[in-house]
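Whatever order the structure lists ligands and atoms in, that order sets their numbers, starting from 1.
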Amino acid sequence: MRKIIIDTDPGIDDAIAILLALSAKKELDVLALTTVNGNVDVEKVTKNACKILEVAGRTDIPVYKGNDKPLVRARINCEEFHGDDGLGNAGAEDSEKEIETEHAVDFLIRKAEEEKGELTLVPIGPLTNIAQAVQKDSGFVKNIQEVVIMGGAEHGGNMSPHAEFNFWTDPEAAKIVFQAGFRKITMIGLDATSDVFLSPTLRELLYLINTPISRFIHKMTRVYADGHWEIEKKLGCELCDVLTIAYLLDSSVAETVDAYVDVETSGLCDGASVVYRTFYYPDKKQNCKVAVSADTKKFFEIFFGYLFPEYREFALREL
Ligand code: RIB
Ligand code: CA
């Protein structure tokens with residue numbers, strides 16, 4: 001059983017990632033959700049974290065509110081993809097759940113100390129909270145077993161030709177995290193997440209499965225799919241954050257390469273993750289693994305296998 005903390009900006013794909021993590025009861029122990037400004041502002045993001053736990057019947061999991069803006073830059077958000085409320089305006093009920101009073105960054109530092117090397121961090125939003133924990137506590141990095149990040153890209157971007165949203169939003173934070181010296185970082189970027197699109201057919205299957213969770217995902221992803229069509233003329237929606245959880249459950253779902261990654265914080269390629277594959281650049285000291293592709297079939301085997309096991313075969317027939 002792996003102990004994880006998901007640092008998140010729900011966010012539609014964040015919500016689906018959290019639901020998948022919670023369905024893997026034997027494999028993952030979700031200790032808490034920590035929230036950060038990203039897809040929408042941190043107030044909405046934090047309310048959304050509680051709503052998601054309500055839908056999953058897991059309001060026992062604590063939620064800690066984090067940074068309301070990047071380390072040094074102005075706040076940006078992404079309502080066009082995630083809707084004004086951040087969950088696809090799908091009408092998710094407000095939750096009575098109280099959030100914790102401790103700031104997310106102080107919690108991350110405290111929990112890392114308590115769990116002493118047994119903790120995996122899963123940041124699936126901008127890296128502001130993680131970077132601030134590195135800055136605030138000299139022992140934080142060595143107390144963390146592994147970091148599995150959704151962010152960046154070896155090639156391309158979704159906010160500029162070279163920058164992915166989570167790194168684009170707070171490049172200074174991303175740079176700090178990759179330079180901090182964590183024992184093990186895996187960067188799940190757009191090169192791999194572009195292989196995990198929820199197709200209209202699979203989205204329809206979610207509707208027909210007709211459970212509260214399947215219908216919740218179906219409703220939320222309407223806005224997400226509309227955004228992919230209007231902005232990128234892509235059919236379906238990219239389950240970016242969900243791939244980090246699938247990777248935790250079965251790392252063979254993604255092909256990774258050893259790399260040295262640094263993040264640009266100014267100029268034309270601001271927010272870009274510059275990926276030096278150490279095979280080609282042996283003078284660079286490896287600081288992470290980078291996912292360069294994902295196995296679509298295996299991903300949906302995991303997705304439906306954990307969330308809707310009796311429909312796994314139906315889903316695989318459609319791939
Ligand atoms: O670029 C994709 C990332 O940006 C995902 O984490 C999504 O939730 C958005 O935050
Ligand atoms: Ca996210």
Side-chain angles (χ1 to χ4, degrees), residues 4-21 33-42 44-46 48-49 51-52 63 66-70 75-83 85-88 90 104 121-130 147-171 173-174 177 186-198 217 220-221 223-225 227-228 231-232 234 236-248 254 263 270-273 290-291 294:
I4 71 170
I5 292 173
I6 303 176
D7 189 71
T8 180
D9 63 331
I12 295 168
D13 57 329
D14 300 69
I16 302 169
I18 292 163
L19 291 170
L20 178 60
L33 301 182
T34 52
T35 64
V36 65
N37 168 75
N39 287 316
V40 289
D41 68 57
V42 76
K44 288 183 190 175
V45 151
T46 305
N48 290 344
K51 289 180 185 179
I52 297 156
V63 173
N67 279 285
D68 62 358
K69 66 176 194 54
R75 188 167 67 78
I76 63 167
N77 298 119
C78 193
E79 281 90 356
E80 58 275 22
F81 264 99
H82 295 270
D85 74 345
L87 292 182
L121 292 183
V122 188
I124 54 176
L127 290 165
T128 316
N129 291 340
I130 312 302
V147 190
V148 181
I149 297 169
M150 192 282 133
E154 183 179 23
H155 305 293
N158 57 12
M159 295 306 289
S160 83
H162 299 285
E164 174 280 328
F165 177 79
N166 289 336
F167 289 13
W168 164 269
T169 300
D170 198 343
V177 169
T186 304
M187 182 182 109
I188 308 281
L190 299 178
D191 317 275
T193 63
S194 57
D195 291 329
V196 292
F197 250 70
L198 180 71
I217 296 173
M220 282 192 296
T221 48
V223 164
Y224 203 33
H228 279 82
I231 296 167
E232 300 175 310
K234 285 183 181 170
C237 36
E238 192 168 346
L239 298 182
C240 301
D241 294 336
V242 191
L243 184 55
T244 58
I245 304 300
Y247 179 79
L248 285 174
V263 180
D270 189 27
S273 45
V290 171

**Thr193 and ligand 1 - part of the residue with a heavy-atom distance under 4.0 Å** = neither
**Request:** Give the contacting part of Asp241 toward ligand 1: side chain, backbone, both or neither, where contact means a heavy-atom distance below 4.0 Å.
**Result:** side chain
**Asked** Counting each atom of ligand 1 from 1 as listed, which ones have a heavy atom of Asn158 under 4.0 Å away?
**Response** 1 (O), 2 (C)
**Prompt:** So which heavy atom in the protein is nearest atom 1 (O) of ligand 1, and how far is it from that ligand atom?
**Reply:** Glu164 OE2, 2.6 Å
**Request:** Test Glu154 against Met187 for side-chain contact (heavy atoms from CB on, under 4.5 Å), laying out the working first.
**Result:** CA-CA 10 Å; Glu154 183 179 23; Met187 182 182 109; 5.7 Å; no
**Request:** Measure across Ala294 and Val196 and return the closest heavy-atom pair with its distance rounded to 0.1 Å.
**Result:** CB-CG1, 4.2 Å
**Result of checking Leu33, Asn39, Asp7 against Asp14 for side chain to side chain contact (heavy atoms under 4.5 Å, CB included)** = Asn39
**Interfacing atoms of ligand 1 (cut-off 4.0 Å, heavy-atom, Ile124)** = 6 (O)
**Complete:** Partner of Asn37 under side chain to side chain contact (heavy atoms under 4.5 Å, CB included), picked from Thr128, Val45, Asn77, Asp170, is Asn77
**Request:** Can you see which heavy atom on Met150 is nearest to which on Ile124, and at what distance?
**Result:** CB-CG2, 4.0 Å
**Message:** Under 3.5 Å between any N/O of Gly125 and any N/O of ligand 1: does that happen in this structure?
**Reply:** no
**Request:** Please test Asp191 against His155 for side-chain contact (heavy atoms from CB on, under 4.5 Å), starting from the C-alpha separation and ending with a verdict.
**Result:** CA-CA 7 Å; Asp191 317 275; His155 305 293; 3.8 Å; yes
**Fill in**
Per-atom filter on ligand 1: closer than 4.0 angstrom to a heavy atom of Asp14 are 8 (O)
**N, O or S of Asp241 under 3.0 Å from the Ca ion (ligand 2)** = yes
**Request:** Give the name of the N/O/S atom in Asp9 that lies closest to the Ca ion (ligand 2).
**Result:** OD1
**Rounded distance [0.5 Å steps], CZ in Arg75 versus CG in Asn67** = 12.5 Å
**Donor-acceptor under 3.5 Å (Asn129 side chain, Thr35 main chain)** = yes
**Request:** Please work out which of the three classes, parallel, tilted or perpendicular, describes the rings of Tyr224 and His82, given edges at 30° and 60°.
**Result:** tilted
**Complete:** When distances are taken from atom 4 (O) of ligand 1, the protein heavy atom at minimum range is Phe165 CD2, 3.3 Å
**Asked** Quick one: are Glu232 and Phe81 in side-chain contact, heavy atoms under 4.5 Å?
**Response** yes
**Prompt:** Considering only heavy atoms, does Ile12 approach ligand 1 within less than 4.0 Å through its side chain, its backbone, both, or neither?
**Reply:** neither
**Request:** Using distance alone, determine whether Asn39 and ligand 1 share an N or O pair under 3.5 Å.
**Result:** yes
**Message:** So if I count the atoms of ligand 1 from 1 in the order they appear, which ones are less than 4.0 Å from some heavy atom of Asp9?
**Reply:** 10 (O)
**Prompt:** So does Ile124 have any N/O/S atom less than 3.0 Å away from the Ca ion (ligand 2)?
**Reply:** yes
**Complete:** In this structure, atom 8 (O) of ligand 1 is nearest to the protein heavy atom Asp13 OD1, 2.6 Å
**Prompt:** Near Met150, which atoms of ligand 1 are under 4.0 Å from a heavy atom of that residue?
**Reply:** 2 (C), 3 (C), 5 (C), 6 (O)
